[in-house]
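The next block holds one structure in the form of structure tokens; read it before the comments.
Keep in mind it's a predicted model, so treat the numbers as computed, not measured.
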Amino acid sequence: MAATISSRSSELFRGIGARQVRLVCGVILFAYVVSHFLNHALGNISVDAMEAGVYYHTTFWQFLPVAIMFYTAALTHMGLGVYALYQRRQFRWKTVEPLQLVLGLSIPALVMAHVIGVRLGQTLYGHEKLYPQELYLFFVASPGRLWQMTILLVIAWVHGCIGIYFWLRLKPFFTRAAPYLLAAAVLIPTLALLGIYQGGRSVAADSDDGEWRTHNLTRRQLGSVAEANTLDRITGGLTGGYVGLLGLALLARGVRAYRERRGGMIALSYGNGKTVRVPKGLSVLEASLRHNLPHASVCGGRARCSTCRIRIIGDHAVLPEPSQREAFVLTRVGTADPSIRLACQLRPTSDLSFFQLFMPQTLSANLHASTPARIGQERYLVSLFVDMRGSTQLAEKRLPFDTVFIVNRFLGAVSQAVIENGGQPNQFVGDGMLALFGLTADSQTACRQALKAAAGIAVHIDELNQLLSHDLRQPIRFGIGIHGGEVIIGDIGYRDHIVFTALGDAVNVAARLQDMTKTLACEAIVSEEVRRGAGLRDDALPQQEVAIRGRDEPMVVRVVADTRQLSALVDGSERVAA
């Protein structure tokens, strides 16, 4: 038991890198921001409500263990932000990434005066600046600072929301939770700013009363002029030091670029005849991005997936050792071959030849281009359902990104076979797909196209299995159901979620036949309707009667153990017909 716990703990710590530390620190800081914003929102009730709320807010966040955790997280997050400014070489992955970095780096400079005036003033001089005093400062004594504070609140919130989005978008529940998170992301800052405005108006009105000033603008609460000057000098010094730190990071980037140019360039050969020259120190993925070369990277180079993997050609012993995070990811996906590395983490210092293990592919097809009608229309179509077998087991020991990547490659291979044979991919459901044949062809041609597409699917899956053989514990398998009949085609859905599809008994039967391949241990089941429509001989495929859920009478089907034979059978029937 102890050995198991130790092993799991060791694996956990191996997976921790700078990004993971920055994420944890960011979540802590965002929790503080949410708490503070909710406190501001109480201003929509009254200033007294804000003061009551801040009591609980400060009681929690100034509790010594929590305060230590908070300030440690703040300093660590700021330091890692400055380090990211120095380290990041390419900002072309996403426009929002440099925006998040710039917003994050601006926060310390904007918040410095507020933190020192309130928190350090309390520590050094015992000041008790709470909402009445701060709102008086912003709305009466120094209105110009109100805009600085408003900008700070907006920047902190946007920066935090971007970080939370990058984190949660990888989670399975994100799609369902997104509308609620968006509502919170809009409502919380809106209510906070409105609370500050309402509280400020109230304080501005009360400040005309001499008694209010006597109770709320005392020296104990605001401090003396000399104390304020001291705090201002500290603020100026720390702000100047922080700006100087940013300047040093930018200077270090320039020095690094100069040294890299003087240190020479290295050649990266992609194994497909393409070679680029880049400065030493760039990661392979950054080199691909800099030269606009397609490179698979589902997570955007964060070492949270392994889709950017490359296999080194030649001597891999001269390469830098894998970082802790890279080693963790490679171990997670079961890769022990030292010639396989993550392109986003590998920074070669000498010429390198490699090839990508996952080639990025895009599949685009205009599914509606040849559709004769967008409203309901009845016509004969052949439906082909295909499903990937064992996807649950596939996902058990893989990173989520890797599972999605493999499923997408499977669906891409299936779609390619369908399109090559005159069909159209129509619906993607998990790791399965519905394809339609006959939208632009007669019924006989549609039956033959569907059978040849099934054979093409087998061929493409064989190629995919060979390509991913280094990564699959067992080959990808599939099941196919094919049936034809009259269906209703048209646009189905609501508002922005309308899709062109087919509805009818023939579609349902094809889905049932696909599911039945599991129990009959075959690759495909073809209805007798499609067998006759394609003109195959009666003895071409084994015949069997099966019970279809929802139908009273059994149905005659043809069982196909190896779908590759379908292409030859269809070609033979076409020659006989000719």
Side-chain angles (χ1 to χ4, degrees), residues 16-38 40-41 70 72-112 114-115 147-193 242 245-246 249-250 253 285-286 289 297-305 308 325 344 400-401 404:
I16 296 176
R19 290 184 181 275
Q20 286 67 42
V21 174
R22 189 167 60 188
L23 171 62
V24 172
C25 294
V27 170
I28 294 172
L29 296 178
F30 193 70
Y32 177 85
V33 171
V34 171
S35 173
H36 213 30
F37 273 47
L38 293 176
H40 293 338
F70 171 73
T72 301
L75 292 173
T76 303
H77 197 70
M78 183 187 71
L80 290 175
V82 175
Y83 176 69
L85 174 64
Y86 165 76
Q87 184 189 46
R88 181 63 62 85
R89 296 164 179 265
Q90 289 296 130
F91 291 97
R92 296 194 297 180
W93 284 317
K94 296 282 186 181
T95 304
V96 73
E97 289 187 12
L99 172 64
Q100 183 196 23
L101 183 59
V102 170
L103 293 179
L105 292 174
S106 68
I107 291 174
L110 292 171
V111 80
M112 201 81 73
H114 179 69
V115 171
W147 292 107
Q148 178 183 346
M149 185 55 59
T150 302
I151 293 171
L152 169 63
L153 293 176
V154 173
I155 287 177
W157 187 256
V158 172
H159 173 76
C161 286
I162 293 174
I164 294 296
Y165 166 74
F166 278 141
W167 173 39
L168 294 183
R169 70 190 175 113
L170 312 177
K171 307 298 182 183
F173 63 81
F174 179 73
T175 302
R176 298 189 301 274
Y180 305 101
L181 295 174
L182 177 61
V186 173
L187 286 176
I188 291 177
T190 301
L191 292 174
L193 292 174
Y242 176 69
L245 184 62
L246 295 181
L250 294 174
R253 287 175 61 93
L285 181 59
E286 288 169 342
L289 293 170
S297 178
V298 179
C299 74
R302 293 181 173 83
R304 301 182 67 179
C305 74
C308 68
R325 180 65 187 178
C344 67
F401 273 134
V404 172

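- Separation of atoms CG (Leu181) and OH (Tyr165) is listed at 11.5 Å; rounding is to 0.5 Å.
- The structure places CZ of Arg253 at 6.0 Å from CG of Leu85, a figure rounded to the nearest 0.5 Å.
- Between the CG atom in Leu75 and the CZ atom in Phe70 there is a gap of 9.5 Å [rounded to 0.5 Å].
- Considering only heavy atoms from C-beta on, Leu250 stays 4.5 Å or farther from Tyr86 through its side chain.
- The minimum heavy-atom distance linking Trp167 with Leu23 is given by the pair CD1-CD2, 3.5 Å.
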For a side chain to side chain contact (heavy atoms under 4.5 Å, CB included) check, start with the C-alpha distance between Leu153 and Phe37, then their side-chain angles and the critical distance, and finish with the verdict. CA-CA 9 Å; Leu153 293 176; Phe37 273 47; 3.6 Å; yes
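- With sequence neighbours excluded, the residues that form a ring pair (Phe, Tyr, Trp, His ring centres under 6.0 Å) with His36 are Tyr32, His40, His57.
- Each of Leu168, Ile164, Ile162 was checked for a side-chain contact (heavy atoms from CB on, under 4.5 Å) with Phe166, and the lone residue meeting it is Ile162.
- Rounded to the nearest 0.5 Å, atoms NE2 (His159) and CD1 (Ile107) are 5.0 Å apart.
- Note that the SG atom of Cys344 and the CZ atom of Arg325 stand 9.5 Å from one another [nearest 0.5 Å].
- The nearest pair of heavy atoms linking Ala184 to Pro189 is O-CD, 3.9 Å.
- Applying the ring pair (Phe, Tyr, Trp, His ring centres under 6.0 Å) rule to Phe30 yields the partners Trp157; only residues at least two apart in sequence or on another chain are considered.
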Exercise answer: donor-acceptor pairs, residues 76-84 side-chain atoms, under 3.5 Å, sequence neighbours excluded:
| unit_1 | atom_1 | unit_2 | atom_2 | d |
| --- | --- | --- | --- | --- |
| Thr76 | OG1 | Thr72 | O | 2.7 |
| His77 | ND1 | Arg22 | O | 3.2 |
| Tyr83 | OH | Gln87 | NE2 | 3.3 |

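- Heavy-atom minimum distance, Ser106 versus Ile155: OG-CG2, 3.6 Å.
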